[in-house]
Each structure stands twice: as structure tokens, then as C-alpha cells.
Number of protein chains: 2
Amino acid sequence: MEAILSNASLEPNQTLVSEGLPRMRVFSLTGGVMRLSNLLPDGRRQITGFLYPGDYFGLADDQTYSQTAEAVTPAQLCSFPVKQMDALMERFPKLKDRLFKLTREALSSARESQMMLGRLAPVEKVASFLLLCSRRAEVAGEPIDLLDLPMTRTDIADYLGLTIETVSRSFTKLKSQNLIQLPDPHHVKIVDLRALGEVAGWRA
Amino acid sequence: MEAILSNASLEPNQTLVSEGLPRMRVFSLTGGVMRLSNLLPDGRRQITGFLYPGDYFGLADDQTYSQTAEAVTPAQLCSFPVKQMDALMERFPKLKDRLFKLTREALSSARESQMMLGRLAPVEKVASFLLLCSRRAEVAGEPIDLLDLPMTRTDIADYLGLTIETVSRSFTKLKSQNLIQLPDPHHVKIVDLRALGEVAGWRA
DNA sequence: CGTTATATTGAATGGATTCAAGGCCAGTGG
DNA sequence: CCACTGGCCTTGAATCCATTCAATATAACG
């Protein structure tokens, strides 16, 4: 296993792979945060998700990568050639099961995203985003109410289908309702998690 | 295989399963069209996709169904108990591979959806929707420019994150630009496929 | 043929976007 | 050490366009 494994590290905003390129390797993020995105010909961007340590990239695709992967923070990752990955999967069904599970989880979160993008109002989107971050922090064993948001407002906007101004205004609104505190743009303290949940659309 | 298989048929708008219910069976649609949706407590609905003959439902979930499945047209399907499905997968790795592939395809189309929902303008969304329908018709061996849209405007609106009025106006706009014809609300003739593609956002 | 559900169209409203300005930091060079 | 610069974020004002509200038209169905 180790023989075919290779390591890499990226600086912020460095591109790991661009959508459309032939899929040669599968990656596993070991440190840092990355973003996955798709671009429209005219430059509009949709971020489909963020990657955290333990997440994989390049699993679900076929011949070519369907998304661009870029570093948000300095990032470390290891990679395997696709071919050998396939061979490994044949040899170790457990591995295949695990990748299957990861794919299903990705599908589930993509569908949550669809609901957010299609049916939530801007403040609701931002509140939901914070709750997602909080949930992730929880499974990572980090404090659930002291969030580090390494991505820029532009990234958040492109993830939620909004403009940076609207994202900023939504943060301000949540702050002025005392649901969150914003010591600085990249740090959020969730004051009232339950109320934030209600704003996020989990209300009657 | 046949021993554990059972058949069912649904009338329009009949619910097959509701989100949150324990996942007992996996379904395969053999005839008709269905819609998959999620509901917000206040009644807002997001349709995450439509099912056509050959599509499966209930594959990617874990303990409970994550989505509601309802019939759009009269529908026929067959179903397997989850347990036996799992057993079958162990016995026939080919089957598992196939389901894995289906899940990956579902993920890929969910991500297309994310782009549509987050970054496309209303007319672009409707144009994209028509192109998706056309693509599906193509793989089903149906004419690619004579579309049958069995779902209501409400369904389309809930799929695209719009209101029915906006959907209707977008159809009218496409019609008045001579990109499509609308003999009746459920039948679309695509006049200029290329131009429709450009409207959908594939332009420079 | 009449009734209900569904779709289209019109006018107004509202709220996100756009356009523009200002603030805040971190890094750089004087 | 301080002014300067550029990137990022916030805020304000004006605009635009999807939504809302309302009415009409059309289709589906008994």
C-alpha cells in the first residue's frame, strides 16, 4: 500500500486539479481545508463542497475529474494512482465498501445542499452553513460553538449561491440578533445554537 | 432473485415512501415517472430529482429514507427487502459494482443540480432543465426534440428553486424567442437545441 | 357541459443584487 | 516606526427582477 502512495502539499489558493482533466490519481486530505468547485464559461462559480482532513477527492469520477480542487489553507495530502486503487479495491472488498460509503455520504450532503440552494433565504443559508460547520467540528472533536472559517466570504457566497455582500449582511444580521459573535471575519462564536437552528429553517 | 422480488403500482401523486421512515426495501422503477423530494417544516419543498424507468430508489440511504418518493404518472415498480439486497451484494460483487456506479451517477447529477440552483438565472434554469430532459430522452431512445414533461409546473418550480409563475414566464420567454414550441403545457418541441444550450449558460 | 385543477398573464411589491464608498489588516518599503 | 498598498470585508444607496397578489385562461375530468 505504502509503495504506491505519494505525498504533496499545497499553498493557499493553489490548484490541485482542474475539472475536465484526466483522472489519474485519487487524493486523501491529511491536513488543511480545500474547496471543490465548478466553473461556468462566463466565470460564475459554484462551490459544491469543502474538504477537511480525512476526506477524499476523485473517488466518484470516471474518466475525468468533474470538479476543480483548490487549497483554502495550506494543505497536505497523499495520493494513489487510480489504476492501483482499482486493483486494491478488487483485492480488499472492505476498502470498496468504505469508498462506497463515502460516496453515499457525499450524495447525502449534496442533497442537503440542493435544499439549501433552492429553498432557503439568504440568512437561512448562512445559518445553515454555520450549523454544518458546527456539525463537522463536532465529529472532528473540536468545540462546536467556536468556529474557524478559513474560507473567504467569496467562497461562502459561491457555496451558498449568493453575493459576498449578501453573505456579509447576513452575518451582520445574525450578529445583531445576538445569535453569533464575530470577533473577526474568520471566527464565529455561536451564542444560541438552538435559535440559529430555527433561523436555518428548522422552525415550524 | 425472483423469490424475494415483489411488484407494486402507484397512481399519480401517490406516495411510495416518506422521508424519515425506516428503510426496509429498495425499489426499481419499471414504468412511469416519479419525483424525489425533501420538505421543510414550513412546507417549502425541494425536488432533488426525477426517476425514470430503470432508475433505483433507496440505494444510497442508511437506516431511514432520506427522501420522499411520489408518483408523477401512474408508476410500476418492483422492490427487494434491504437485508436480502445486502446479502445478494455479498454474493454477486458485480451487483455491488453496478449499484456503486448508480450512486456515483446520482452524485454527479446532484452536483449539476447544485450549479443550476446556485448560479443560474431563471431562464437558464428552465433551459437547462429542458436539456436534461432531452439528454434523458436520448439515452432512452426517444426523440430528443419532442419532450413529454409529465410533471406539473409546481414540480418543475420546486426542482429549480423557483415559483410556478417564474417557470411559466420562462417557458413563455423561450417560446417567444422561438427556441421551443409549447403545443400544451406538458409537451415541448425544442426548435433550436444549440441556442437553447447557449441560453442554459454554456455560452462564452 | 360544467367544475376543478393547472397554467398563464398582469401589476405591485420587496428584497437581493449591483454599484460605489469606506474600513480594516497584513505586508512592504521608505 | 510610519506611510503606503492591496486584499478582503462591511456598509450604504439605487436598481432590477423574481416574487407576491390577483385575475384570467386553459386543460383535465366527471
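Reckoned from all heavy atoms, side chains included, excluding hydrogens, waters and symmetry mates. None of these values were measured; they are calculated from a predicted model. Chain identifiers are assigned alphabetically (A, B, ...) following the order of the sequence lines, protein sequences preceding nucleic acid strands; residue numbering begins at 1 within each chain.
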Peer 1: Taking 4.0 Å as the cut-off, does a side-chain nitrogen or oxygen of Arg153(B) come that near to OP1 or OP2 on dT8(C)?
Peer 2: yes
Peer 1: Can you check whether Thr172(B) has a side-chain N or O nearer than 4.0 Å to OP1 or OP2 of dT9(C)?
Peer 2: yes
Peer 1: Tell me whether the OP1 or OP2 atom of dT17(C) has a side-chain N or O from Thr166(A) closer than 4.0 Å.
Peer 2: yes
Peer 1: Send over the distance from Phe171(A) CZ to dT10(D) P, rounded to a whole Å.
Peer 2: 8 Å
Peer 1: Looking at Lys173(A), I want to see if its NZ is surrounded by more than 12 non-hydrogen atoms of other residues, nucleotides or ligands under 6.0 Å.
Peer 2: no
Peer 1: Consider side-chain contact (heavy atoms from CB on, under 4.5 Å). Of Leu179(A), Asp145(A), Leu174(A), which one does Ile190(A) pass it with?
Peer 2: Asp145(A)
Peer 1: Between P on dA16(C) and CD on Glu124(A), what's the gap in Å once rounded to a whole number?
Peer 2: 10 Å
Peer 1: Of the nucleotides dT11(D), dT19(D), dC9(D), which has the atom closest to the Glu165(A) side chain?
Peer 2: dT11(D)
Peer 1: Between the side-chain atoms of Arg169(B) and the base atoms of dT20(D), is any donor-acceptor pair under 3.5 Å?
Peer 2: yes
Peer 1: Are any of His186(B)'s side-chain N or O atoms less than 4.0 Å away from OP1 or OP2 of dA7(C)?
Peer 2: yes
Peer 1: Roughly, in whole Å, what's the span from CD1 in Ile164(B) to P in dT26(D)?
Peer 2: 17 Å
Peer 1: Within the structure, does a side-chain N or O atom of Thr163(A) lie under 4.0 Å from either OP1 or OP2 of dT17(C)?
Peer 2: yes
Peer 1: What is the distance, rounded to the nearest whole Å, between atom CE of Met151(A) and atom C1' of dC9(D)?
Peer 2: 16 Å
Peer 1: Check whether any side-chain N or O of Asp55(B) sits under 3.5 Å from a backbone N or O of Tyr52(B) as a donor-acceptor pair, and report yes or no.
Peer 2: yes
Peer 1: Heavy-atom nearest nucleotide on DNA chain C for Val167(A) versus Asn13(B): which residue maps closer to 5'?
Peer 2: Asn13(B)
Peer 1: In this structure, is the centre-to-centre distance between the rings of Phe129(B) and Tyr159(B) below 6.0 Å?
Peer 2: yes
